[in-house]
Every structure is written in C-alpha cells, then in structure tokens.
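Below is one structure, written out as structure tokens, with a few remarks after it.
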Amino acid sequence: MCGIVGLYYKNPELESSLGTMLSDMLIQMTDRGPDSAGVAIYHDAVSTKQVKITLQGLDDVDWKQVQGRIAEQYTQNISISPLANHAVIVMDVDSQEEADQFASWVGSDLDEVNVTSVGSAIEIYKEKGLPDQVVDKFDLRTMRGTHALGHTRMATESAVTTEHSHPFSTGLDLCLVHNGSLSNHNQLREKLQKKGIRFQTDNDSEVAAGYLTWRLSEGATLDEALEAAIKDLDGFYTFAIGTKNGFAVLRDPIACKPAVLAETDDWVAMSSEFRAIAQLPNSKNARIWEPEPARIYSWERS
Amino acid sequence: MEFDLQDAGVRELNQALHADTAANAQFSVLHPGGKHNVATGAIHESTVDIQGHVGYYCAGMNQNATINVQGNAGPGLAENMMSGRVEVQGNASQYCGATAHGGLLIVHGDAAARCGISMKGVDIVIGGSIGHMSAFMAQSGRLVICGDAGDSLGDSIYEAQIFLRGSAASLGTDCVEKEMTEQHQKELAALLQQAGLDYDAASFRRYGSARQLYNFNIDNVSAY
C-alpha cells in the first residue's frame with residue numbers, strides 16, 4: 001500500500017501556498033505509507049539556456065566538496081543551492097546533450113550523490129521516514145510553485161531506501177508517483193535500457209516513469225504515452241504524473257487501487273483518499289469523483 | 001448525541017453505537033473528513049446522520065441502525081451489513097455492500113467497481129451507474145441499478161437478482177437476461193419506493209444466473 005497526492009493550481013495567485021497545501025495532503029497519507037515520503041515540485045522555471053538538476057546526497061554529504069569536484073570538471077556558470085542532503089543545481093548549457101552528459105557524469109563519477117531530477121522547473125525531494133519528518137527536513141511548507149506530486153511509501157516490492165522512494169523521474173521535467181505493483185517491470189526495464197533509458201534502481205515504478213519518458217522521446221503526447229502504457233504495463237496502478245506544464249492521472253483497467261479527483265475553479269487535486277483533499281481550502285465546494293478505470297485525466301497549462 | 005470528529009475519535013463514536021444506550025438514539029456526526037470506519041458495527045436501532053464525506057468501511061457490519069451519509073463514501077461501504085438501512089447521498093467507491101447479508105443499501109449517486117460482490121441477501125439500490133465486475137458471485141438479494149453497469153455484470157452469479165434500467169457494458173459469465181414478470185415488477189416497485197426513488201419498475205430489465213456453472217461440466221472448462 002502507498003499513498004499518493006497531487007495538486008495542480010489553475011489560479012496563479014495561489015502559488016505561494018503550494019508547499020503548505022501539498023504538505024498537509026501528504027501528512028494525511030502517513031498511515032498508507034510510513035516507510036518514506038517524497039515530493040516533486042514544479043516552480044521557478046529556468047531559462048531555455050539553463051538546466052535545473054536536483055541532487056540527493058548521503059546525510060553527511062559535503063556540498064562544498066561536491067561543488068569543487070564539479071568546478072574541476074565544468075567551467076561554465078553553475079549555481080548550487082543545498083537543502084539538507086539535497087541540492088538544486090542550475091547550470092548554463094548550450095544543448096540538451098550537454099545537460100544529459102552532466103547528469104550521467106554525476107551519476108557515474110560522484111559516488112556520494114544521485115541525480116533525482118533534470119529539467120527546467122522540476123525539483124524532487126525524497127527520503128526515508130515519516131511524511132511529517134520529510135516535510136520538516138526540506139522545509140516543504142515554504143515552497144511555492146505551479147503544481148506538485150507527493151508519495152508516501154509502504155514498500156511491497158523492493159527495498160526501503162531513499163533511492164527506492166518516489167517520485168521517480170527519468171526524463172526532463174517528467175515524474176511519476178505510483179500506488180500499486182507492476183508485474184512485467186523486469187522485462188520492460190531490459191527493453192527500455194536497450195532504447196537508452198537509464199534506471200537507478202530495480203524499482204517497478206521507476207520502469208513506468210522510464211516507459212513514459214521513452215514514449216515522449218519518440219514524439220508522443222502525454223495522453224498518447226499513457227494510452228500506450230495501458231497496453232504495455234501489466235499490473236496494478238494508480239499513477240499521478242507531472243510534466244513541466246501538465247498533470248495527469250491514470251488507473252489500470254482493474255482499478256483496485258483507490259483514487260479520488262477533485263476540481264474547483266482554482267485547483268485540481270488527486271489523492272488515494274478523500275481525507276487528503278479535505279485539507280484543501282474550498283474542498284467543500286469542489287466537484288469530487290472517482291477516476292474511471294483505464295481513462296486518462298489530464299490538465300495542461302498553455 | 002453529537003460527535004464532532006475534528007475533536008472526538010472514531011472509536012469513541014463506534015463504542016457509543018455499540019452501547020445499550022444507543023437503542024433508539026439519534027447520532028449526529030460532524031466533520032467526518034474522509035475518516036475510516038465511521039459508524040461501523042452498530043447493533044441497535046439507532047439513527048446516525050453523518051454530515052460529510054467518509055473514507056473506507058463506513059457502516060460496515062451494520063445491524064439495525066439507519067445510517068445516512070450526506071456526502072460520498074470511500075471503499076467498502078456497508079461491507080457485510082446484516083440489517084438496517086444505509087443511505088449515501090453522493091457516490092460510493094468500490095465494493096460497496098460486499099458480502100452483505102441483509103438490510104437496504106442505497107447510493108443516490110454512482111457506485112464504482114465490484115458493487116455487491118458476493119452479496120448474500122442484502123438489497124442494494126443505486127440511483128446512478130455502477131462500475132465493472134458488480135454482483136460478482138452474488139449469492140442472494142437484489143441489486144437495482146437506475147443508470148448503467150460496467151463490464152462483466154453478474155459474473156458467476158448464483159441466485160441474486162439484478163434489475164438494470166440502463167445498459168450493461170457486458171454481462172459476466174453465466175449471467176443472462178431473464179423474464180420480468182408482473183410479480184417481479186411489483187416487488188421492484190416496492191423496493192424503489194422504500195429507497196425513495198421515483199422510477200417506473202417497468203423500465204427495468206432483470207438479469208440472473210443461467211445456472212450453467214453450478215456443476216462441473218467439461219464443456220464449460222474455459223469459463224471456469
């Protein structure tokens with residue numbers, strides 16, 4: 001069992017409250033997932049000539065030292081903003097390949113850190129422990145943004161480590177949180193690795209994120225990628241998916257994992273259970289419904 | 001008696017419902033906020049008015065009590081209900097009325113997948129539509145759907161009866177349409193009236209078991 005939450009603001013005036021609202025939702029899902037928690041938050045998009053990368057280090061990681069290692073290797077303008085054992089890097093890049101190269105260099109050469117997200121707006125913070133501890137550790141309540149996803153994990157399929165925590169991102173600004181279990185993830189991981197998708201863990205949900213990344217890289221829209229996922233992913237899932245400008249929800253055709261959607265003029269929220277949505281202002285007047293099996297629900301900002 | 005679940009625990013409410021003092025008492029439940037197990041295991045002829053949305057397993061194992069939810073209900077509503085009346089003004093999530101033995105369950109909105117799964121004597125009336133695999137292995141009782149039904153309605157059904165006003169995406173294995181006699185119409189009209197729904201019983205079709213799966217038959221091996 002796991003808990004998932006998502007919040008997408010339609011009204012930009014609310015953006016300063018995103019971190020607080022998402023934290024309240026996440027904490028409500030504590031008893032669905034006390035092992036670890038994580039959030040993906042979309043805010044402060046960098047320019048087209050820059051890339052934003054979230055790094056996750058060991059608890060005693062020395063960010064000064066990491067910065068030094070990066071400076072030895074890369075000469076362009078790089079800013080690094082540590083937040084506990086995570087740090088957000090913004091670097092100038094001339095091309096997407098350069099950003100990819102940097103991410104893979106970090107993955108292979110810097111033993112003490114992992115890359116959790118790459119893109120222009122996304123940042124991912126995740127950690128073992130109870131949701132309220134994770135909220136405090138990263139000061140999530142103070143974060144502003146356009147949309148965010150969160151996950152509370154009760155592991156059934158792979159180890160309880162920070163690396164195995166959700167959200168998973170395997171492509172630019174794309175991330176996914178999952179409640180359920182996939183049964184064909186090993187086969188699919190091998191297939192995707194041959195197509196150049198990189199994975200950091202043996203987790204099934206990371207394969208779902210990788211699958212969407214692959215479809216999107218082939219030119220599919222998010223809706224088309226999810227349509228294909230219904231055919232190719234075998235198992236149980238409720239997914240919430242974030243892209244730079246969009247938010248989507250999908251349940252498998254059997255739909256035994258719970259999900260609730262709610263929408264007002266100001267926001268769209270999804271959660272495993274209503275009690276997370278009940279925390280939101282004006283939830284009393286929201287349109288509330290259970291997403292149908294195998295039907296894609298998506299919202300996108302133009 | 002009033003229970004505000006912002007202050008009081010669900011357990012406190014449920015223990016009050018189990019106590020002898022609950023007989024013929026009226027309970028009002030404020031701010032349920034999607035909490036689990038609200039008003040489960042009631043045993044007396046009490047009335048419980050829940051003013052908001054509830055989470056998992058509301059009104060589970062209910063006996064005798066009349067429970068009204070002024071909102072939506074999460075998964076497992078009135079699971080294994082024995083008797084009494086449970087009424088939800090909004091929608092219900094999956095497997096509402098599962099294994100319920102008796103009483104009347106009314107959902108004025110839609111019910112999700114697996115509604116009435118393995119029902120054993122309860123009457124379920126859904127004002128809206130229901131999801132897939134509803135009335136799976138339903139043994140006895142009646143499931144009335146005023147809207148449409150999802151895939152595999154009544155799969156492997158035993159002797160429960162299904163009354164459907166709209167259409168089913170598909171019927172499950174061994175579930176067939178059956179004749180709607182005057183007697184059936186009369187009984188259905190009485191049930192609709194009990195549920196407070198104003199539909200003409202003649203606008204429903206009746207479905208039930210073809211009884212082809214009761215005994216092992218090698219010709220049916222692919223259906224088992």
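No experiment lies behind these values; they were computed from the predicted model shown. To find a chain, count down the sequence lines: A is the first, B the second, and so on, and within it residues start at 1.
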Of the listed residues (Pro258(A), Cys256(A), Pro293(A), Ser283(A)), which shares the most heavy-atom pairs with chain B below a 4.5 Å separation? Cys256(A)
Mark yes when over 12 heavy atoms from residues, nucleotides or ligands other than Arg205(B) sit less than 6.0 Å from its CZ; otherwise mark no. no
Atom group of His31(B) that falls short of 4.5 Å from chain A, counting heavy atoms: neither
Below 4.5 Å, heavy-atom pairs only: which of Ala112(B), Ser93(B), Gly90(B) has the largest tally toward chain A? Ser93(B)
Heavy-atom count around Glu177(B) CD within 6.0 Å, excluding the residue itself: above 12? yes
Can you confirm whether more than 12 heavy atoms, excluding those of Gln187(A), are under 6.0 Å from its CD atom? no
How long is the gap from CH2 on Trp289(A) to CG on Asn91(B), to the nearest 0.5 Å? 11.5 Å
Within the supplied structure, the quantity of interest is the number of heavy atoms (other residues, nucleotides, ligands) at a distance under 6.0 Å from Asn11(A) CG; does it exceed 12? yes
dist Ile254(A):CD1 -> Gln94(B):CD (nearest 0.5 Å) comes out at 11.0 Å
Would you say Asp198(B) has more than 12 foreign heavy atoms packed within less than 6.0 Å of its CG? no
Any side-chain heavy-atom pair from His132(B) and Pro253(A) closer than 4.5 angstrom? no
A side-chain contact here means heavy atoms from C-beta on lying under 4.5 Å apart; do Ile288(A) and His53(B) qualify? yes
Segment of Tyr95(B) engaging chain A (4.5 angstrom heavy-atom cut-off): neither
Of the listed residues (Lys35(B), Met133(B), His36(B)), which shares the most heavy-atom pairs with chain A below a 4.5 Å separation? His36(B)
Identify the two heavy atoms, one from Gly33(B) and one from Ala278(A), that lie closest to each other, and give their separation to 0.1 Å. O-CB, 4.1 Å
Does atom OH of Tyr56(B) have more than 12 heavy-atom neighbours from other groups under 6.0 Å away? yes
Below 4.5 Å from any heavy atom of chain B, which atoms of Ile277(A) appear? Answer side chain, backbone, both or neither. neither
